[in-house]
**Student:** 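Okay, here's the structure, questions in a sec.
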Amino acid sequence: MPIAGRWSKKNSRKYAMSSKAKQSFDRLLGDLNEAQRQAVTQLDGPVLILAGAGSGKTRVLTYRIAYLIAGGKATARDIIALTFTNKAAGEMRERVHKLVPESVATMWVGTFHSLFARILRREADRIGFSPNFTIYDADDQEALIKTILNENGVSLQVHSPKLIAYTISRAKNAMISPEELQREADNPLKQVAATVYHEYMRHLRRLNAMDFDDLLVKPIELFALYPLVKEYYQDRFRYIMVDEYQDTNRAQYLVLRELADKFKNICVVGDDDQSIYRWRGAEVRNILEFERDYPACAKYRLEQNYRSTPAILGLAHSVVTKNRERHEKKLWTEKKNGELVSLVSVYDQREEARLIVEKISAEFRKGERKFGDFAVLYRINAQSRSLEDGFRIEGIPYIIVGGIRFYERKEIKDVLAYLRLLVNPADTISLKRIINYPARGIGEATIAKIDAYAREQKLSFLATLDHVEKMSGLQKRTAERLILFARLIRKYQALQNQVSAAELASTLVEELGILRQFKEENTIDSATRAENVRELLQAIHEFSAAGGEENTLAAYLQQVSLITDLDTWDDRANAVTLMTLHAAKGLEFPVVFIAGLEEGLFPLSRNIDDPRDLEEERRLFYVGSTRAKDKLYLFWAKNRQRFGESRSYKSRFLKEVDMNFVTTEESPTIARERRGQSQISYSYDAMPHYEEESQETVEFNVGMRVRHQTFGKGTILSVEPSSGGAKLVVNFDRVGKKRLVLPFAQLEIL
């Protein structure tokens, strides 16, 4: 519906559209299909846009922003656009700039974490923090939790700091307090985590630090404590745009509800079929129940796909429709041709890697594609090893997304710890990391003594270093080193406001002698570490050179703390991309290989029994399949080594696909094995979770572990061919040896 001359009841602001703006709108809308145009021009009130994979959701969001601004409905300052990755935020900002160039400077476009961190920097003092608070990553969280466990005499071997951190994070995302977690703790891990949770939050406040979850939780606390602050941001952001709404967790849902409560101008874009982050707190119900939360919402479906072939879309749709929790929609495309999806069975993971490499090599040699056109996706990172071996042997360049990131390398984290301490003197976790780097002869015993004195005197760790001469039990030489370290930190803290971030970092690294030390070590590894530190200094230089009030050392450290795997991925490199299916979300490639489609691996065995987890695994298959533009390969191996076992079975997802969209292929080894029929086989449902029609050819061998419904678990001792079916002798753990006849035994292979 045209918006010229309309009165916005929500905003009570009337506006008129100029003829120039009208021409601009006509040009903008001409780039959109009908469904996209409807979604773009519905400006007031809540809007739900169900955007299938490759349907142009980023275009709709950016055109909607441009439509608001160009028509005078809103200024750039009135709009906040939230995404989940810096890559998506950068793309959105760039597209908006092309449409309405003058608007970008005052518009808030970024990730949830970066934009709410920006709010918290402004309002930190209201909730007991200073604006220079540190953002702790996973390593920092674990270090702090280790400290708390040690202080309370809890064994790190019995209770994993990583699992405790994960439990606390899930609780925060679900808005569960330490007291609530304590009440619902039904196992030892949760009981310890609940106790640590309370201490953890107290320590964070003392250290003037927040973790990633706090960046979402603290704004909710802020708005609850200060209604006028909430109203300020409600007035500030009259129009709210949210990308990938299906990935929001409870905290994100609540903070968005608070921001949108006054004007209700919230537009969310997402696809419930691509909700794949339940394991880290995302709640698909947020998008499924949006209409319940906002009964007056307008709803649009973007179903025209601009990415994939009909076969790829048909295959993906045939699987995801097995889910019950979803909005009804079906992608379609104007593309009329394209290859069928290839379903390839291989003997093991080595043959899987070899065939993938061969297929990529063959296409590359034709001259029709470059290496950067290919992506290999897998369920877990451990699968990359055999794939890497295959690419190395063939000499094909590849990039792994999700390996050790640049900013996670030790030498980088060490330098960043110094810089973080300069910005936030209360950051004891960073201080302890570098108090003996480079080596100063300051060991764990000395740190423990300083810790004890700091608690006794109620001082920060850094402030305690000014009193080391008063501490008993410290050698004079150690005390002198500690004093020199404290002076070094104080000196560079004072320099912060006098020189640029780049000058400060370069001078500090020079004085510490880090690069000199690497040079003296004179190894390949030390040379690489030195190059990494130089690269860090160059990055800080480029950040500083951009100029502006926001280009401070504190701003740089915040930017680094919120970097994701995709932000460091060079998508322009001519190399095959290897990544997990989760990491691939939002990306697209001409040719995609999905490896390891076996039951227990994809879907993961731990997610098979819970219907909600299984539906998420199915959505993950849908996401992986729809990354492909032209060609999709699905691989499964009959013998994959995992947990000491080798036999594997075809994923249930491969049994759910519509075979009209598929062509099947056997590896040479599988073909030879089938022709030779060298092993006993029969038709049998290998996984009891399957439907009755799901039958596989299963081979039983001596030494295999099996389960019988009556006799329990056992080991196969012998296999004897017989005209009535193979006879097995099985030694069961509870009842001893039994002779069974196939296929009547109904054994399950473990």
Side-chain angles (χ1 to χ4, degrees), residues 10-11 39 42-51 57 60-61 64-65 68 74 77-85 88-89 92 107-120 122-123 172-176 212-227 229-272 274-275 277-278 280-300 327 562:
K10 302 291 182 186
N11 294 357
Q42 177 62 51
L43 301 179
D44 290 321
V47 178
L48 170 63
I49 303 174
L50 297 172
K57 67 179 178 62
V60 168
L61 278 175
R64 202 168 188 276
I65 292 170
L68 279 165
R77 192 177 181 278
D78 296 326
I79 300 169
I80 185 170
L82 299 128
T83 70
F84 274 84
T85 67
M92 191 180 299
M107 184 171 59
W108 280 37
V109 179
T111 65
F112 277 88
H113 291 89
S114 66
L115 294 185
F116 285 112
R118 190 171 173 183
I119 289 175
L120 290 171
R122 295 181 171 191
E123 313 293 344
K172 282 190 177 185
N173 285 327
M175 299 300 295
I176 296 172
F212 291 130
D213 303 315
D214 286 328
L215 301 181
L216 303 175
V217 173
K218 294 298 181 184
I220 299 171
E221 295 179 11
L222 173 70
F223 293 159
L225 290 170
Y226 298 95
V229 173
K230 178 176 74 173
E231 188 173 1
Y232 167 80
Y233 287 104
Q234 288 175 333
D235 289 333
R236 174 74 167 77
F237 303 122
R238 293 171 180 263
Y239 288 90
I240 302 168
M241 315 279 184
V242 186
D243 192 12
E244 306 285 11
Y245 188 66
Q246 78 280 349
D247 292 331
T248 52
N249 59 32
R250 183 67 179 169
Q252 288 162 324
Y253 165 82
L254 290 174
V255 76
L256 287 171
R257 193 177 69 179
E258 292 294 302
L259 275 181
D261 190 49
K262 187 172 184 179
F263 296 109
K264 304 290 192 298
N265 292 327
I266 178 170
C267 172
V268 303
V269 181
D271 181 8
D272 45 288
Q274 297 187 72
S275 179
Y277 295 114
R278 182 170 179 262
R280 68 182 189 194
E283 298 187 1
V284 70
R285 70 175 183 176
N286 291 347
I287 192 168
L288 293 175
E289 299 176 1
F290 186 82
E291 294 167 276
R292 186 203 65 183
D293 296 331
Y294 300 94
C297 84
K299 180 178 177 180
Y300 302 97
H327 286 283
L562 300 176

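Keep in mind it's a predicted model, so treat the numbers as computed, not measured.
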**Student:** Any heavy-atom pair between the side chains of Leu216 and Val255 that's under 4.5 Å?
**Tutor:**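 With C-beta onward as the side chain, the pair stays apart.
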
**Student:** Stepwise, does the side-chain contact (heavy atoms from CB on, under 4.5 Å) test hold for Asp214 with Lys172?
**Tutor:** CA-CA 8 Å; Asp214 286 328; Lys172 282 190 177 185; 2.8 Å; yes

**Student:** I'd like to check Gln234 versus Arg236 (side-chain heavy atoms, cut-off strictly below 4.5 Å). Are they in contact?
**Tutor:**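 Gln234 vs Arg236: side chains apart.
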
**Student:** Are Lys57 and Ile49 side-chain neighbours, meaning at least one heavy-atom pair lies under 4.5 Å?
**Tutor:**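 No, too far: nothing below the 4.5 Å cut-off.
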
**Student:** So, for Ala89 and Gly110, which heavy atoms are closest and what is the spacing to 0.1 Å?
**Tutor:**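 Residues Ala89 and Gly110, closest heavy atoms: CB-CA, 3.6 Å.
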
**Student:** How long is the span from the CG atom in Leu50 to the CZ atom in Phe290, to the nearest 0.5 Å?
**Tutor:**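 Spacing of CG (Leu50) from CZ (Phe290) equals 10.0 Å.
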
**Student:** So, for Leu215 and Phe116, which heavy atoms are closest and what is the spacing to 0.1 Å?
**Tutor:**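 Where Leu215 meets Phe116 most closely, the heavy atoms are O-CB, 3.2 Å.
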
**Student:** State, with a plain yes or no, whether a side-chain heavy atom of Glu291 is found less than 4.5 Å away from one of His327.
**Tutor:**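 SC-SC contact between Glu291 and His327 confirmed.
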
**Student:** Would you call Arg280 and Asn173 a side-chain contact if the rule is heavy atoms closer than 4.5 Å?
**Tutor:**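 They are not in contact (no side-chain heavy atoms under 4.5 Å apart), so the answer is no.
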
**Student:** Could you give the distance from NZ (Lys264) to CG (Asp293), rounded to the nearest 0.5 Å?
**Tutor:**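 Rounded to the nearest 0.5 Å, the NZ-CG separation comes to 11.0 Å.
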
**Student:** For the residue pair Asp44 / Tyr239, report whether a side-chain donor-acceptor contact shorter than 3.5 Å exists.
**Tutor:**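 Their side chains do contain a donor-acceptor pair, which is all the 3.5 Å distance test asks for.
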
**Student:** Spell out, as yes or no, whether a donor-acceptor pair under 3.5 Å connects the side chain of Lys262 to the backbone of Leu259.
**Tutor:**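 No, Lys262 side chain to Leu259 backbone: no donor-acceptor pair under 3.5 Å.
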
**Student:** Got a second to check how far Arg238's CZ is from Leu68's CG, nearest 0.5 Å?
**Tutor:**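 Taking CZ in Arg238 and CG in Leu68, the distance rounds to 12.5 Å.
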
**Student:** For Arg250, which residues count as a side chain to side chain donor-acceptor pair (under 3.5 Å) partner, sequence neighbours excluded?
**Tutor:**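 Checked Arg250 against side chain to side chain donor-acceptor pair (under 3.5 Å); zero matches.
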
**Student:** If you take all heavy atoms of Ala251 and Ile220, which pair is closest and at what distance?
**Tutor:**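 Minimum heavy-atom contact is O-CD1, 3.4 Å.
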
**Student:** Are the side chains of Asp243 and Phe84 in contact, using a 4.5 Å heavy-atom criterion?
**Tutor:**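 A side-chain contact under 4.5 Å is absent here.
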
**Student:** Would you say that Val268 contacts Ile287 through its side chain, given a criterion of any heavy-atom pair below 4.5 Å between the two side chains?
**Tutor:**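 Val268 does not reach Ile287 side chain to side chain.
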
**Student:** Determine the interplanar angle of the Phe223 and Tyr233 rings, folded into 0 to 90°, and report it as parallel if under 30°, tilted if 30 to 60°, perpendicular if over 60°.
**Tutor:**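 Phe223 and Tyr233: tilted rings.
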
**Student:** Hey, are the side chains of Trp108 and Ile119 touching, using non-hydrogen atoms and a 4.5 Å cut-off?
**Tutor:**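 SC-SC contact between Trp108 and Ile119 confirmed.
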
**Student:** For Val269 versus Ala51, what's the shortest heavy-atom pair and its separation?
**Tutor:**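 Heavy atoms of Val269 and Ala51 come nearest at CG1-CB, 3.8 Å.
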
**Student:** Side chain of Ser275, backbone of Asp272: donor and acceptor closer than 3.5 Å?
**Tutor:**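 No; judged by distance alone, with no hydrogens or angles, the pair does not exist.
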
**Student:** Going from NE2 on His113 to CG on Asp213, what distance comes out if it is rounded to the nearest 0.5 angstrom?
**Tutor:**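 Rounded to the nearest 0.5 Å, the NE2-CG separation comes out at 6.5 Å.
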
**Student:** Please determine whether side-chain contact (heavy atoms from CB on, under 4.5 Å) holds for the pair Leu82 and Leu256, giving the CA-CA distance in whole Å, both sets of side-chain angles, and the decisive distance to 0.1 Å.
**Tutor:** CA-CA 10 Å; Leu82 299 128; Leu256 287 171; 3.7 Å; yes

**Student:** With a 3.5 Å distance limit and no angle check, can you tell me whether Asn265 reaches the backbone of Gly45 through a side-chain donor-acceptor pair?
**Tutor:**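 Pair found, side chain donor or acceptor close to backbone of Gly45.
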
**Student:** Assess whether side-chain contact (heavy atoms from CB on, under 4.5 Å) is satisfied between Asn286 and Gln252, documenting all intermediate values.
**Tutor:** CA-CA 10 Å; Asn286 291 347; Gln252 288 162 324; over 6 Å; no

**Student:** Checking side-chain contact (heavy atoms from CB on, under 4.5 Å) for the pair Arg257/Tyr294: CA distance, chi angles, key distance, verdict?
**Tutor:** CA-CA 10 Å; Arg257 193 177 69 179; Tyr294 300 94; 4.1 Å; yes

**Student:** Using the salt bridge (Lys or Arg N to Asp or Glu O under 4.0 Å) criterion, which residues pair with Lys218? Sequence neighbours excluded.
**Tutor:**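 By the salt bridge (Lys or Arg N to Asp or Glu O under 4.0 Å) rule, Lys218 matches Glu221.
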
**Student:** If you take all heavy atoms of Met107 and Ile79, which pair is closest and at what distance?
**Tutor:**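 Result for this residue pair: CG-O, 4.1 Å.
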
**Student:** Looking only at non-hydrogen atoms, find the nearest pair between Pro46 and Ala296 and report the distance.
**Tutor:**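 Heavy atoms of Pro46 and Ala296 come nearest at CG-C, 4.2 Å.
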
**Student:** Do the side chain of Arg64 and the main chain of Gln42 share a donor and acceptor less than 3.5 angstrom apart?
**Tutor:**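 Indeed, once roles are kept as given, a pair shorter than 3.5 Å links the two residues.
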
**Student:** Can you measure from CZ (Arg278) to CD (Gln246) and round to the nearest 0.5 angstrom?
**Tutor:**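 Arg278 atom CZ to Gln246 atom CD measures 15.5 Å (nearest 0.5 Å).
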
**Student:** Looking at residues at least two apart in the chain, or sitting in another chain, which of them share a salt bridge (Lys or Arg N to Asp or Glu O under 4.0 Å) with Arg122?
**Tutor:**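 In terms of salt bridge (Lys or Arg N to Asp or Glu O under 4.0 Å), with neighbours along the sequence ignored, Arg122 is linked to no residue.
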
